[in-house]
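What follows is a set of notes on a single structure, which appears directly below.
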Amino acid sequence: MSGDCRSARGGGDLQRSQPLRFEFDGRSYQGLQGDTLASALLANGVHLIGRSFKYHRPRGIMAAGPEDPNALVTIRRDAARSTPNLNATQVELYDGLVAYSQNRWPSLRFDTARINDLLSRFIPSGFYYKTFMWPRKAWHSLYEPRIRAAAGLGVASTEADPDLYAQCYGHCELLIVGAGPAGIAAALTAAASGARVMLCDEQALPGGSLRTGTSARIGGQDAADWLRESVQKLTAAPNVTLLTRTTAFGYLPHNMVALSERLSDHLATPPPGKPRERLWQVCARQVILATGAIERPLVFPGNDRPGVMLAGAARSFLNRYGVLPGARVVVLTAHDDAYQTAIDLKAAGVQIAALADMRTDPAGPHVEAARSAGIAVRTGTTAVGTRGNLRVTAVGLAGLDSNGAVAGAADWVKCDALLMSGGYTPSVHLHSQARGKLRWDEATHAFVPGAAAAGCRSVGACNGLIGAELVRVFEQATAAAADALRECGIHDQPGAIAISKELAVSEDRGASGGWIGALPQPAGAKAGKAFVDWQNDVTAADLKLAVREGFRSIEHIKRYTTTGMATDQGKTSNLNALAIAAQQLGRAIPEVGLTTFRLPYLPVGFGGLAGYARGDFFAPVRKTPMYDWAADRGAVFEPVAMWQRARYFPERGEDMHQAVARECAAVRRSCGLFDASTLGKIEVAGPDAIEFMNRMYVNNWSSLAVGRCRYGILLRDDGFVYDDGVVARLSDDRLHVTTTTGGAPRVLGMMEDYLQTEWPHLKVWLTSTTEQWAVIAVQGPQARAVLEPLVEQADLSAAALPHMAMTRGLVCGVPAMIFRVSFTGELGYEINVPADYGAEVWRAIWASGQAHGMCTYGTEAMHVLRAEKGYIIVGQDTDGTMTPDDAGVSWAVGKNKPEFVGMVSLRKPALQDPRRKQLVGLLTVDPAHVLEEGSQIAAEPGQRPPMRLIGHVTSSYYSSVLGRSIALAVVSAGRSRLGQTLYVPTAHGESTVTVTQPVFYDPKGERLNA
Amino acid sequence: MLIIPCPYCGPRPELEFSYGGQAHVTRPTAASNPSPAEWNAFQYERANLKGLHAERWRHIHGCARFFNVVRDTTTDEILRSYRSGEK
Amino acid sequence: MTSRFSGWSLLLGGLSGQRRWQQQWRAATPKRGYEAIIVGGGGHGLGAAYYLAKQHGIRNVAVLEKGWIGGGNTGRNTTIIRSNYLWDESAAIYEHALKLWEGLSSELNYNVMYSPRGVLMLAHNVHDEQVAKRHIHANYANGVDNEWLTPQQAKEYCPPLNISDNLRYPVLGGALQRRGGTARHDAVAWGYARAADALGVDIIENCEVTGIRRDANGEVTGVETNRGTIESRRIGVSAAGHSTVVMQMAGVRLPLESYPLQALVSEPIKPVMPCVVMSNSVHAYVSQSDKGELVIGASTDAYTSYTQRGALHVSMHTLEAICELFPAFRRLRMLRNWGGIVDVTPDRSPIIAKTPVPGLYVNCGWGTGGFKATPGAGHLLAWTMAHDAPHALNAAFTIERFRDGTLIDEAAAAAVNH
């Protein structure tokens, strides 16, 4: 059947006056506002929507909700906004929507890969584990690329996604997941208490099963009217947040529930700047799960043809979207609920060719209602096959004998739709994610919630009330809400709704029944494929094969057959798969058990999970006060930890090496200006400040005079260098500790750790002052001359302020700490001024320096200058495996100290081994050759891999001042090898080097002390 | 996300805290000249308990204090928290 | 005897209605005792049993698994294989494993789908680049392939990668190990199980060890389990996140802590990722499976836990990085998210060693790197158990190295920035 399948009946979700145009596979169709893509396609008689993953069998729409395994499509707004693998039942129609089917070539109607279906006997479950092994390399070069090309569902866009994604936190006393009758009743109860309530539902409209059609009346009105009024009440309540299009996908520890809210995918033209999705992380004190149940398909040969649909889905399509699944329908069921579908369809003018019930003696109000509606009920009947290619055309029905075996030949009944129901499976996903236990309920053939996680309650169908009368659902939901509120300390609940009044239910029919596992088939028949997992093409035979091959755990069976691992995550298949496996294993279902429920309940977008963290918001950017000045001058920056540091300042088309050579030369010749603000700064204050530092750092701080500085080294308790920096004594009880740029937070954290938990009796306060001070390094022989005109109340002379001294004064009128320190080997000062004045003071110093040939230099030149002097950089010349002695700084270790962090470990023989790697200098025989940092060092030339290695190059530069390359390295027993020739083998050839002291420039320090 | 009860500030989300490892590990002083085994026990050996685990957290984006928490490592449920130096 | 798997066997299987397939491994019930017992039926433990039987003639072996084999970290990881580690000892042990991977499908007659699609480790700052190049030089000298790619070369190798300068942490290049890649995790467990079973090894699932028995001399005599006492004087523990729990039964304390490590997959899409990309700086690890799912790994959670789940914000943080590096992936969706329990040592290197208890051996501490080592770890644990002495390749990976300060610190070289 094709063409108009829209009914005048039903269609509660529709706005029939608003037609919409949309495209599917290039063809234009009309739908209505309120349609999903699935309902709109069905309304146009389109049942063929996709192809299956492995066998490429034609597939239609099986379910009406997100559990549908078949109808995956790509929705394309433009090239960058093309979204694969969306479920047509979840895609809300908008005017101009463009959809494509997936995983077929050349077309959906004719797909060449259908040949897999014919060859299926040679590619059973797990076939790929058994072949493609020869020749050895062929897997990667030959087989795998072909398998990959055939696998995968939709095609991802290759362009950057321009859409925005939002995130927020929610806080409430009670979160209710699912706005069906149970969720709404719970919300109405809680709303009256004044507690903060959040209610979310994955659908565009709340109501759940009430929307799919029920005969029940609630509170004296039609269910639809009650629903409308209740939603209005909840929307109006200031303490209730009602979120639609919002899927609770993850239940995390401590009652945090993650929700994904779809904000604009349903809009024809999303307003600019409107996020596409919003991720909620809801911290709820109590949670009520009212997530309903999912109808189970029946497993029989040919159960996958387009036109085969769940009975409840067909009722949903009729009552919500006014869509008829066919003109001549067969219903096959083991559950009462499908009777209502037959009754509703018949009332809409559909011919019910047969209503086949597997049960031999079904009875009750549903059966009576069907019979009185003139529907012929065939009891004790099963299906043995279907016919049709792109749409089902007939179903073979056969009788069951009293033992439940197929008796007699099949009666082929013509139809254009086959509606099936094996009953309902409670949606226990979130209960289980929360680590609640499950209990097998034999009566309903279902796992239902057992002991729940703290603060979590399940109500309604997800709690096992399958087909139960609505009044029981309401009782459970309102009681759970009242309990949850009491747990929040809310005992007084005036105005709570009453079961006897607002929730009074009449004309309701409870439903029962159900089937689980494969349907009985004639003995010895050559059966067609009976699908369990539609999307991954897993059949009952596949599951049986897995068991025969020795897979006994349900987890193994799942992984071997891939059942339940498709994008629907087994929502319709898991229980049938379990039943078939259990039967084959000869064990009871609860003994075999379920596989683990994992988040997310439904696939959730990366974009929403990544949220705002993109571009500059990916991570905070830390900039110094002088950043803008440097940027204006064309500085090239490098990220160091979260900072952006100026790496070099190129002039007139210089590359980095040219710029660095010029910057270095200027510092050595006259003067350079350097932004050192990123250095970590910690103020250590208090009567025990010196004692604390004595315990933390290797140095002896007791002998440090006020106004003097010292190079400090911090180890971890493993004895290895962790950080370093200059420490100044500001007063008797106050030290200014500097750290490496990246090390500041972890050094402060380590100090706090020892202070608070090892030595809590010490009276010391630690304060990060990194961002309080702008640090301007002025380095070079002209440094004093540049600064002196700007400085008041401080004497910069060598006598008054020698190397490693500090003083306070005014610089450009700004109170400053002036440190006479140098990381370049030149006369140098580091001016610390309050950060807000940093840029101004910087500019003033820069102006003063112009007469002296001053230049700015970046981190790269700083690295070269310090390497020329043999100053190490922790993290580059050390790597977390170096002791102070290894790094050549053992002179800094205080003698006769009773304690410092790392002291005990330094006593280990391995840490005193003379063969340890020690810092040395290396000079290449070819002075123009710059070794690559990280190159390995060997004592013997010309080795082939694997080589005997004795060290590696840690720092290597071309020194324009020295007119040659220099390198620092760590070499086994390096200090005993001075003058030796060593070799640096690389993939590009071997260099010869000589071991030297690690100081290449001004070894006597005359310039430093100038 | 864990909700961690800071004994100084009250319950706060995990993002405000940093983890500090097992609590009540005694650090031998250098002066006590610990044996290699004693020092190794302090440095590296941890109970790694499957069950109730006393551990340190620091409210780094809050009061910045270290404190102790008893957490069930099989469920991540937090049973109680207490200040450093308390038991 | 187990029949061989091949294209021919599939043909015959198809023609016979799939009736000729045998059990891949028997459902063994515990015997009274074994010559050797392996505690832990992951890839490492099953591998050890296989190599004990195959190479050391010790076939009277039981593998005791408390759940289902391969259900721990073997079945929960992102299946990355590489050997470009820094220190000589590490490079040697991982390279040993990689060489075994290269022949594993034919060795086991089970397609483990080892796919050398290349592992590209990105550098985002100067320090990353220095660290990567140090690895490359060290690997060259050790005979391990690893090469530096410029950003443009990285883009050519992995077209969806964003190498724009405007990234918060731009791609400055990367270290590529071409022989690195991925394999099919379940197949490794099942392949070892089938091959070991064929050699007579008993694979006993749902068998949880609750105690380790020792005699008056302190030597092991067997294990207590929920299925009774099983005797053996040679016990190898290969229990990953539960190593400390098991070893505590023999009074052995280990320098290990167990952390959650999360992974996630996207829905299947047509091929977009030709290789494995890792970024230690921004914590993103991604490849695409044969089925089409993007397989994404996160960093470990902050705190120890045995819950096999991690915090959502850890996965979110990883996806932030993935979406920046691959901005076209933002519209894809997370299909499954799960956690494993990884046993982490202070120096991020494993322990494969004898223990202070005679007859008790341990293979643990692989942290986030265990899958890639699977055949090597199994092989070396078997060797150590068979000889009561370590192989040269695992001689340095002792428990005592922590006490002695002879660490093999893979983390130190990479983790420190300046």
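Note that the coordinates shown come from a computational prediction; the quantities given were computed from them, not determined experimentally. Note on naming: letters A, B, ... go to the chains in the order of the sequence lines (proteins, then strands), and numbering restarts at 1 for each one.
- By the 6.0 Å and 45° rule, C:Arg194 stacks over the aromatic ring of C:Phe5.
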Would A:Arg552 and A:Leu585 satisfy side chain to side chain contact (heavy atoms under 4.5 Å, CB included), going step by step from the backbone distance to the final call?
CA-CA 7 Å; A:Arg552 288 165 286 268; A:Leu585 286 163; 3.9 Å; yes

Would you please test C:Arg330 and A:Glu277 for salt bridge (Lys or Arg N to Asp or Glu O under 4.0 Å) and show each step?
CA-CA 11 Å; C:Arg330 217 174 272 277; A:Glu277 291 170 9; over 6 Å; no

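- Interface remark: A:Gln569 contributes side-chain atoms only to the contact with chain C (heavy atom separation under 4.5 Å).
- Residue A:Pro253 touches chain C through both its backbone and its side chain, counting heavy-atom pairs closer than 4.5 Å.
- Between chain C and the options A:Thr131, A:Asn85, A:Thr83, the largest number of non-hydrogen pairs under 4.5 Å is found for A:Asn85.
- A:Arg81 touches chain C through backbone and side chain together, each having a heavy atom under 4.5 Å away.
- Cation-pi contact between C:Arg184 and A:Tyr129: absent, since separation from the ring centre below 6.0 Å together with deviation from the ring axis within 45° is not met.
- There is no contact between C:His317 and chain A, counting heavy-atom distances below 4.5 Å.
- Of the listed residues C:Ser106, C:Ala138, C:Gly292, the one with more heavy-atom pairs under 4.5 angstrom with chain A than any other is C:Ala138.
- With contacts defined as side-chain heavy-atom distances shorter than 4.5 Å, the pair A:Leu602/C:Arg333 does not qualify.
- Contact count versus chain A (heavy atoms, under 4.5 Å) is highest, among C:Trp8, C:Phe329, C:Tyr110, for C:Tyr110.
- For the pair A:Tyr165 and A:Leu609, the minimum side-chain heavy-atom distance is 4.5 Å or more.
- Each of A:Ser157, A:Ala910, A:Ala987 has some count of heavy-atom pairs under 4.5 Å with chain C, and the biggest count is that of A:Ala987.
- Ring orientation note: the planes of A:Phe551 and A:Tyr560 are close to parallel, at an angle under 30° on the 30°/60° scale.
- Annotation: cation-pi pair C:Arg134/C:Trp87 present, NZ/CZ under 6.0 Å from the ring centroid and within 45° of its normal.
- Legend: residues meeting ring pair (Phe, Tyr, Trp, His ring centres under 6.0 Å) with C:Phe402, ordered by chain and number and at least two apart, are B:Tyr44.
- If you measure heavy-atom distances from A:Leu599 to chain C, the contacts under 4.5 Å come from both the backbone and the side chain.
- Under the 4.5 Å side-chain criterion, counting only non-hydrogen atoms from C-beta, A:Ile554 is not in contact with A:Lys558.
- When heavy atoms are compared at a cutoff of 4.5 Å, A:Leu153 approaches chain C by way of both its backbone and its side chain.
- For chain C, the nearby part of A:Pro620 is the backbone; its heavy atoms alone come within less than 4.5 Å.
- Side chains of C:Thr74 and C:Trp190 form no contact here, defined as non-hydrogen atoms less than 4.5 Å apart.
- For A:Leu279, the part lying near chain C is the side chain, with the backbone staying farther off; criterion is any non-hydrogen pair under 4.5 Å.
- Options C:Trp338, C:Tyr140, C:Phe326, C:Tyr114 differ in how many heavy-atom pairs under 4.5 Å they form with chain A, and the most are formed by C:Tyr140.
- Listed options A:Glu932, A:Gln943, A:Lys544, A:Arg944 were ranked by heavy-atom pairs under 4.5 angstrom with chain C; first place goes to A:Glu932.
- Between chain A and the residues C:Lys133, C:Arg19, C:Arg117, the most heavy-atom pairs under 4.5 angstrom are made by C:Arg117.
- Looking at C:Val112, there are no atoms closer than 4.5 Å to chain A (heavy atoms on both sides), in backbone or side chain.
- Contact tally against chain C (heavy-atom pairs below 4.5 Å) for A:Asn103, A:Leu72, A:Leu911, A:Val621: the top residue is A:Val621.
- Relative ring orientation between A:Phe618 and C:Tyr169 is described as perpendicular, the plane-to-plane angle rising above 60° on a 0-90° scale split at 30° and 60°.
- C:Asn337 contributes no side-chain N or O that, together with a main-chain N or O of C:Leu264, makes up a donor-acceptor pair within less than 3.5 Å.
- Between C:Trp25 and C:Ile69, some side-chain heavy-atom pair lies under the 4.5 Å cut-off.
- Residue contact with chain C, scored on non-hydrogen atoms closer than 4.5 Å, involves the backbone of A:Gln433 exclusively.
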Run the numbers on C:Glu107 and C:Glu102 for side chain to side chain contact (heavy atoms under 4.5 Å, CB included), then give the verdict.
CA-CA 10 Å; C:Glu107 167 83 21; C:Glu102 287 172 332; over 6 Å; no

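- When heavy atoms are compared at a cutoff of 4.5 Å, A:Ala541 does not approach chain C at all.
- Contact annotation for C:Asp347: neither backbone nor side-chain heavy atoms come within less than 4.5 Å of a heavy atom of chain A.
- Both the backbone and the side chain of C:Thr307 come within less than 4.5 Å of a heavy atom of chain A.
- Contacts between C:Leu172 and chain A at a heavy-atom distance below 4.5 Å are absent for every atom of the residue.
- Ionic pairing of A:Glu549 and A:Lys130 is present here: one or more N-O contacts between side-chain nitrogen and carboxylate oxygen are shorter than 4.0 angstrom.
- Proximity to chain C involves both the backbone and the side chain of A:Arg559, based on heavy atoms less than 4.5 angstrom apart.
- At a 4.5 Å heavy-atom cutoff, the contact between A:Ala150 and chain C is made by backbone atoms alone.
- Using a 4.5 Å cut-off between heavy atoms, C:Glu324 touches chain A through its side chain atoms alone.
- Interface remark: C:Ala92 contributes no atoms to any contact with chain A (heavy atom separation under 4.5 Å).
- Between chain C and the options A:Gln644, A:Glu159, A:Glu144, the largest number of non-hydrogen pairs under 4.5 Å is found for A:Glu144.
- Looking only at heavy-atom pairs under 4.5 Å with chain C, the residue among A:Ser141, A:Gly250, A:Ala149 that has the most is A:Ala149.
- Of the residues considered (C:Ile269, C:Asp290, C:Leu319), C:Asp290 shows the highest number of contacts with chain A, using heavy-atom pairs under 4.5 Å.
- With salt bridges taken as basic N to acidic carboxylate O contacts below 4.0 Å, none links C:Asp145 and C:Arg178.
- With a 4.5 angstrom heavy-atom cutoff, A:Tyr612 does not touch chain C via any of its atoms.
- Using a 4.5 Å cut-off between heavy atoms, A:Met642 contacts chain C through both its backbone and its side chain.
- No side-chain donor-acceptor contact under 3.5 Å links C:Glu400 and C:Thr406.
- The contact between C:Glu205 and chain A is made entirely by side chain atoms (from C-beta outward), counting heavy-atom distances below 4.5 Å.
- Contacts between A:Phe617 and chain C at a heavy-atom distance below 4.5 Å are absent for every atom of the residue.
- Side chain to side chain, A:Thr567 and C:Glu267 fail the donor-acceptor criterion of an N or O pair below 3.5 Å.
- Among C:Pro116, C:Ser105, C:Gly67, the residue making the largest number of heavy-atom pairs under 4.5 Å with chain A is C:Pro116.
- Heavy atoms closer than 4.5 Å to chain A are found nowhere in C:Ser315, neither backbone nor side chain.
- Looking at residues two or more places apart in sequence or on another chain, you find a ring pair (Phe, Tyr, Trp, His ring centres under 6.0 Å) between C:Trp68 and A:His556.
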